[in-house]
Each structure stands twice: as structure tokens, then as C-alpha cells.
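Lettering of chains follows the sequences in order, A, B, ..., and the numbering in each one begins at 1. Note that this is a predicted model, so its numbers are computed, not measured. Any value given below was found using the heavy atoms of this structure, including those in side chains, with hydrogens, waters and symmetry copies removed.
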Amino acid sequence: MYALVDGNNFYVSCERVFRPSLNGLPVVVLSNNDGCAIARSNEAKALGIAMGAPWFQIKHLAEDAGLVALSANFALYGDMSDRMMSLAAGLGPAQEIYSIDESFIDLSGVKGDLVERSHKIRARILQWVGIPCGIGIGPTKTLAKLANHIAKTAERKPGVYPDKLSQVCNLAALDQAERDAVYAATAAGEVWGVGRQISKQLQAGGIHTVLDLMKLDPATVRSKWNVVLERTVRELQGTPCIDLDHSPAAKKEIACTRSFGRPITEQHHIAEAVTEFASRAAEKVRKQHSQAGQVLVFIRTSPFRKDAQYSRSMVTPLRHPSADTTCIVKAALQGLNHIFKQGFNYAKAGVMLLDLQPDTNQQAELDLEDGDSEEDRTKLMTAMDTLNQRFGKGTVLTASAGLDGMRREWSMKQLRRTPAYTTRWDDMPVARA
DNA sequence: TCTGGGGTCCTAGGACCC
DNA sequence: TCTGGGGTCCTAGGACCC
């Protein structure tokens, strides 16, 4: 048996912990550059604001409906997440942290009433951290996910499901008739692993609800669609196909990409951005004790504009796998040189480290150049990471990122377009819990 | 013009997730 | 004017080999 514990409207809930006056108001948290909504309070959802809705399209709701928009503060959310996760872990013997606001808990061997136990954990998270959660329980991860959706929907929209399923829903505790009623009331597209495309195809085939989907023959699903959907159907039928991932493996790719606050045309400005992305990615790869075999850099114009479009990427193999910032930045800039073309309004760029492999010391030595000793290099990288961690990202950068200092043209953090609606955590005179 | 059979590896692209 | 960022898995098809 599995449980899924999921924070409600997570980023918004985090902000509300420190600003209770936001309770009851429609609130959204905006992405980088205040580009679009990445979290919405229930009140904001009720206004019809979609996930990912561009700010400029919903901006009018600030005046019309009292919508409050906040710039994202990911450091805060990460911190709140850690606290929530450590309490959620108390639900069972093993936990898989699936995302910043969700974790699966293995419930095998847990005695007693699972629903009661879940309500207690939920209350503890609410009291100690301040985040409201939904908890779903089922015999497979897909069913636990579904149960979680039901628990949250039952709370948010009374009447759709039986009231007793609000906040905590254990599908295994329902009788067959109740379960079928719940499945029949849920669209197939709500199932974990069924996205927009598959959902459309299912509908065309007359499969509308979860009940319809789970009645399909897995073999037929495989031949008509693919193994991924087959697994989903089996999981809905109660056969576990997706195990709990106890200690997630090291990442196979690491990316650092951003949209720019406004279009960029000059190569040296993109080069600064790429240098910072590469540095950031190198930090991440060192943190997981890996090395990259290849460095990919990409640049692109905005697909939303009617401008001339251009989008290219380039993979530069490293002579030896490396996690050295200097080496990775160099490769990224080399790639950029090859793909950059004058005359376009660039909207986004990024660096990805590919072909990641475990760090091995003897290879590090081969990366050295220009007389630096291996020891010096390692010290330099460690010092950079420490400084950037202590004093904030961007405190220490390699040369080409620092040239323009405070006036980086591509910066995401330049002018807030909506100062009245964007309060950063840093600006707020509130004590941390 | 006709044109084997089988294997591996890599890449691009599609679909999904939060 | 203004549209997030970071991942995973699977498949098809091409390149290459014997």
C-alpha cells in the first residue's frame, strides 16, 4: 500500500505561512521574469486562471478581482519542503520524495487505521509547518496519486465526491460500489501518466472516465498505444508496476536554462548568460559527484513572436569527463560561437550537461591546463561553491559572466514590471519560523 | 534492374511529469 | 511590450558492423 502526501497549492501556501493576510484572497506565484503563473490559490483557480497562464493575460484581474501576484522565492519553498517532507516521512517505513511538494510513502507493515493515522500526520504538518496537504492511499502509486486527487477535489469542490474523502482518501477502504462511483466521476485525463495527447485519443475511442480506462485489456492498450499506458492501466487495476524509488539515482542530465527578461541580440550578452548557466550547471554536477562527458548549449528566439525564428543547439564533447567550471564554460562558449547568428531577437538560452558519469579522481588530473595543479583547481571550485552558497548565487563567477557586473543585459532580475504586485520574501519584515 | 540477415549503438522526437 | 524551468522514459530510424 502506498500513500501520496501532496502540499496544496504549494508555493502559495508557503507564502501564506508568512503573510496570513493572503488567506482567502486570490493569489498567484509567478515564474522568472514574472512571466506566468506557476502556482494558484483556490480562489485564483476559481477565477479561471490556468496553470502557466501568462501574467500579461491575467494582469487585469489584479484590478478587477483583487488578484495578488508574487514573484517566486524558490529558496523559501525548498526550505518549507524539507520541513514538510520530514514530517510526512512519519507515515510509513520508506519515503520517496517525488517533487518539491509531493512524496510517496510505503505503508507496508503499518498497523491500525490508515485514514486516522494520515489525518494525524496531516494535522501535524499543518500545525508545525503551516502547509495544508492532501493524502491519498491506494495499492499502487498510480492509485495513491488518484486518491490524492480525489482527497483534494473533495475538499475544494464539495459535492463532486463523498465528503468523507475530503483531505484524506483511502481507496482500499471503500467498497466496490463506492469505488466504481468515484472512478466513474473522474475523467481519464486526471490519471497520472495520461496527458493531453493520450487523453484526446482515449476520448476519440469512447474512453472518458477512469472507470472506462481501468476496464481496458492491458495487452490491447499496449498494441494500440504503448507500454507506458499499459503499465498505467495495470496499476489502475491494482497490480504494482512502479516501485518506490528509495534513493533516487544521480541525474543523467543537468540543465540550466532561462528565458530573458527582454529580447537579446548581441552575442556578448548571450555569452554572459551562457557562462553563468554553465557555471551553475557545473556546480550542480559537482554537488552530485558526477562529471559531464558533453556540454550542450542552445539559443532560440521566441515562438510566441512573429519575428524571424531561429533555434539551434550544439553538443560539444569534452576531451575527458569533467566537472570543472572553466572547462565546461569553455565548451559551452565554443558551442555558442558555432551556432550564434546575428540578426535575431533571442528569447532564451541554456546549457545542459550530458553523458554524466561518476566522478573519478584520476580523470580530473587530465583536465588540467596552463600549469594549474589539480589541487589548486579543486580548491578553487570548492571555494567558488562555498562563496556562492554563503553569499548568494552569482557572487563569484568566471571571467566572462562578471564583465558587465551589475548591468547584465540578459538578467532575469532586472526591472520588475509589476512592482505593486511583486513582493519578495527578502523585502518582508517578518521573522522566519 | 535485381540486392541477406542480424546485431548494436546513437540520436531525434514525442509524450509525460511537477 | 509581456508566455517557466528541469527532468524521465520510450520508440523509430539511421549508421555501422560482420
To the nearest Å, give me how far apart [atom1] ([X]) and [atom2] ([N]) are.
{"X": "A:Lys251", "N": "C:dC9", "atom1": "NZ", "atom2": "C1'", "result": "15 Å"}
{"X": "A:Arg196", "N": "B:dC18", "atom1": "CZ", "atom2": "C1'", "result": "15 Å"}
{"X": "A:Leu354", "N": "C:dT8", "atom1": "CG", "atom2": "P", "result": "11 Å"}
{"X": "A:Glu253", "N": "B:dC17", "atom1": "CD", "atom2": "C1'", "result": "15 Å"}
{"X": "A:Leu296", "N": "C:dG7", "atom1": "CG", "atom2": "C1'", "result": "14 Å"}
{"X": "A:Phe304", "N": "C:dG4", "atom1": "CZ", "atom2": "C1'", "result": "10 Å"}
{"X": "A:Glu235", "N": "C:dC9", "atom1": "CD", "atom2": "C1'", "result": "15 Å"}
{"X": "A:Ile242", "N": "B:dC16", "atom1": "CD1", "atom2": "P", "result": "15 Å"}

Worksheet item: Parallel, tilted or perpendicular: which fits the ring planes of A:Trp192 and A:Tyr98, with parallel below 30° and perpendicular above 60°?
Response: perpendicular
Check: Parallel under 30°, tilted from 30 to 60°, perpendicular over 60°: which one fits the rings of A:Tyr346 and A:Phe340?
Finding: tilted
At 4.0 Å (heavy atoms only), tell me whether [X] reaches a base, stays on the sugar-phosphate, or touches nothing.
{"X": "A:Lys145", "value": "sugar-phosphate"}
{"X": "A:Ile100", "value": "nothing"}
{"X": "A:Val315", "value": "nothing"}

Against the side chain of A:Trp192, the closest entry in C:dC2, B:dC18, C:dG4 is B:dC18
Side-chain contact check for A:Arg231: nearest option of C:dC10, C:dG5, B:dC17 is C:dC10
Query raised in the report: Phosphate oxygens OP1/OP2 of C:dC9: is one of them under 4.0 Å from a side-chain N or O of A:Lys252?
Result: yes
Fill in: Any A:Arg258 side-chain N or O less than 4.0 Å from OP1/OP2 of C:dG6
yes
query = Among side-chain atoms of A:Ser166 and A:Glu155, is any donor-acceptor pair under 3.5 angstrom?
reply = no
Worksheet item: Any side-chain donor-acceptor pair under 3.5 Å between A:Gln291 and A:Asp324?
Response: no
B:dC16 -> Watson-Crick or G-U wobble partner, both distances under 3.5 Å, gives C:dG7
- Aromatic ring centroids of A:Tyr2 and A:Phe104 under 6.0 Å? no
